[in-house]
Amino acid sequence: MEVFMSGIHTLMNPNILLVIPLGLILGIVVGAIPGLTSDLGIILCIPLTYGMDPTVAIVLLLAIYVGGTYGGSITAILINTPGTSANAATLFDGYPMTKNGESFKALSMALYASTIGGLVSAFVLLFAAPQIAKITLLFGPAEYLSLAIFGLSVIAGVSNDNIFKGLIGACIGIFVSTIGMDKISGTMRFTYGNLQLRRGIDLIIALIGLFAISEILMKSKYDPRTDRKTVDSSSIIKKEITPAEYKRCRRPIAIGTLVGVIIGATPGTGGGLAGFISYNQTKQTSTHPETFGKGEIEGVAASESANNGACGATMIPMLTLGVPGDGSTAILMGAFMIHGMVPGPMLFVKQGNILYAIMLGLIIVNICLWFIGKVLIRFYANITKIPFELLACTILTLCTAGAYSTNNSIYDVYYIFVFGILAYLMRRMDFQLVPVLLGIVLGPLAETNFRRALILSDGSYSIFLTRPISLAFLIVSVASIVIFTIRGIRVKAKIRENDGSVPVSASDSGHME
């Protein structure tokens with residue numbers, strides 16, 4: 001309770017009240033533009049938070065995350081193109097509602113459902129995470145290694161049903177994490193005599209290059225005459241949700257929130273999968289399933305409550321175990337580390353007051369989402385009119401400035417373009433980038449604890465199998481890989497059955513590819 005009260009005191013920083021609306025608006029705008037995601041918004045803002053208090057900085061990034069997850073529903077509803085993969089299920093009924101002249105009602109329900117799902121998820125995080133963290137305090141080097149392997153097993157779930165490519169991506173990430181000075185022996189590795197590489201590759205440099213620069217390169221063939229879709233503001237006719245419709249949506253929102261929390265807390269999944277499962281479950285248990293897909297407001301409520309319901313829950317494994325739940329939380333985990341907080345069991349002991357402040361801040365973020373969304377809802381159509389050419393130039397400028405400001409080194413600017421080109425080539429060959437990021441983040445944890453465990457056991461590998469928690473994590477890791485691999489085989493089989501068309505996939509993990 002003392003740490004909890006200290007967290008409330010830490011949260012009393014007035015700057016937090018300034019950054020939450022800023023982060024939400026930025027997240028909504030970035031999330032609402034197809035091709036840009038909240039992940040990109042977080043990456044671009046990380047360099048801007050260097051001088052901020054850690055609590056303020058992380059709450060700002062969380063506001064972008066929550067705002068972006070909701071913002072993706074705007075274009076899903078208005079132009080039949082989800083801003084992010086997490087909102088893909090929303091367009092099933094969101095866009096038909098727009099064609100029926102009910103776009104305002106659909107946008108309002110998306111906001112209402114997102115707020116409830118996000119709030120419940122934030123409370124689950126606040127009360128569940130500390131209890132899990134108490135168990136993880138029992139961990140030693142062997143358990144940390146097994147935990148890192150469990151985290152890397154997430155690769156099976158975010159590899160777009162091709163675990164081989166996912167493993168290659170993870171190996172690339174682990175290799176990048178080994179560049180520079182060895183933390184145990186002090187020797188130089190893979191620097192090839194270049195003194196600029198002795199401090200290694202900063203995580204933010206890799207993030208900017210992998211996700212932001214490659215995103216710009218992927219849009220190199222963008223043609224505004226054919227690729228831009230805009231909405232006329234006058235087409236959004238104000239038609240409020242009736243009390244009867246609110247009552248009808250209570251059950252879909254409850255299903256969506258529950259599914260979102262469970263799926264979000266499971267590493268390797270994400271908001272996109274939660275949205276599809278919730279939509280499908282709501283449709284199957286509805287008394288009028290024939291109306292789904294034709295502009296049923298319950299469909300919007302189910303999918304939006306689920307994807308925002310996953311937001312807080314995805315942080316549970318990240319904060320307690322140091323295992324990111326999906327691509328977005330992998331990036332957020334990097335942001336925590338950049339601000340001197342290493343997610344994992346000891347975070348609750350060493351920086352509990354900051355952590356409680358952040359978790360309480362997430363609750364405030366979700367409450368503010370409702371008010372910000374209500375104010376902005378009439379201006380959403382204008383977001384689609386922002387020229388992508390202008391955004392691309394702005395993003396490139398921010399990336400370059402952010403990379404240079406990391407260490408005041410021009411070499412870091414070179415590195416982001418190296419990573420950007422590498423990521424661009426990988427994406428062209430259908431590789432996912434999240435495994436690379438997982439390798440960079442979890443590689444040092446695995447390597448350091450592997451060597452420490454062997455030192456403790458005098459070189460015996462049995463230490464990983466004789467300690468119960470370590471063995472349990474290894475078993476769960478193998479089970480996770482097997483389950484995701486089987487799922488991938490089934491999805492491919494379904495694609496073949498559908499003559500090559502992509503089904504409503506369970507493989508949607510909510511990351512930015």
Can you name the side chain to side chain contact (heavy atoms under 4.5 Å, CB included) partners of [X], sequence neighbours left out?
X      : value
Ala57  : Thr49, Met52, His339
Ser146 : Ser470, Phe473, Leu474
Val482 : Val478, Ile486
Leu445 : Tyr144, Ala148, Leu442, Asn449

Partner of Glu296 under side-chain contact (heavy atoms from CB on, under 4.5 Å), picked from Met97, Arg248, Lys283, is Arg248
Expected output: side-chain [X] to main-chain [Y] donor-acceptor under 3.5 Å:
X      : Y      : value
Thr329 : Leu332 : no
Asp93  : Gly295 : yes
Ser114 : Asn308 : no
Ser278 : Gly275 : no
Glu304 : Ala301 : no

Give, for atom [atom1] of [X] and atom [atom2] of [Y], the distance between the pair rounded to the nearest 0.5 Å.
X      : Y      : atom1 : atom2 : result
Ile358 : Ile363 : CD1   : CD1   : 13.0 Å
Thr394 : Leu44  : OG1   : CG    : 10.0 Å
Ser103 : Ile77  : OG    : CD1   : 8.5 Å
Leu111 : Ile74  : CG    : CD1   : 9.0 Å
Met109 : Ile297 : CE    : CD1   : 4.0 Å
Ser121 : Met315 : OG    : CE    : 9.5 Å

What side-chain donor-acceptor pairs closer than 3.5 Å can you find for residues 58-71, not counting sequence neighbours?
from  : atom 1 : to     : atom 2 : distance (Å)
Tyr65 : OH     : Thr314 : OG1    : 3.2
Thr69 : OG1    : Tyr65  : O      : 2.8
Tyr70 : OH     : Tyr380 : OH     : 3.0

Residue pairs meeting salt bridge (charged side-chain N to carboxylate O under 4.0 Å, His left out), one or both in residues 4-23, sequence neighbours left out, come to none
Locate the shortest heavy-atom distance separating [X] from [Y]; write the atom from each residue and the value.
X      : Y      : answer
Pro47  : Ile43  : CD-O, 3.2 Å
Glu240 : Glu245 : O-OE1, 4.4 Å
Ala313 : Gly260 : CB-O, 4.3 Å
Ala106 : Val300 : O-CG1, 3.8 Å
Met359 : Ala129 : SD-CB, 4.2 Å
Ala122 : Asn366 : CB-ND2, 4.0 Å

*asked:* Under a plain distance cut-off of 3.5 Å, with no hydrogens placed, do Ser303 and Thr90 share a side-chain donor-acceptor pair?
replied: yes
| Arg251 and Thr285: side-chain donor and acceptor closer than 3.5 Å? | yes
For [X], give me all partners under side chain to side chain donor-acceptor pair (under 3.5 Å), at least two apart in sequence or on another chain.
X      : answer
Thr115 : none
Ser305 : none
Gln281 : none
Asp53  : Thr55

Contacts of Tyr112 meeting ring pair (Phe, Tyr, Trp, His ring centres under 6.0 Å) (sequence neighbours excluded), chain-then-number -> Tyr246
Taken in chain and number order and not counting sequence neighbours, the residues that satisfy ring pair (Phe, Tyr, Trp, His ring centres under 6.0 Å) with Tyr279 are Phe92, Phe292
Answer whether the closest heavy-atom distance between the side chains of [X] and [Y] falls below 4.5 Å.
X      : Y      : result
Leu433 : Phe211 : yes
Pro343 : Met337 : yes
Met341 : Pro54  : yes

Where do Leu26 and Val30 land on the side chain to side chain contact (heavy atoms under 4.5 Å, CB included) test, with the steps shown first?
-> CA-CA 6 Å; Leu26 181 61; Val30 173; 4.0 Å; yes
Practice item. Using the salt bridge (Lys or Arg N to Asp or Glu O under 4.0 Å) rule, take Glu215 and Arg427 through it: C-alpha gap first, then chi angles, then the decisive distance, then the call. Key: CA-CA 10 Å; Glu215 192 66 40; Arg427 292 175 68 174; 3.2 Å; yes
Could you go through the side chain to side chain contact (heavy atoms under 4.5 Å, CB included) check for Ile16 and Ile20 one step at a time? CA-CA 6 Å; Ile16 288 180; Ile20 287 178; 3.7 Å; yes
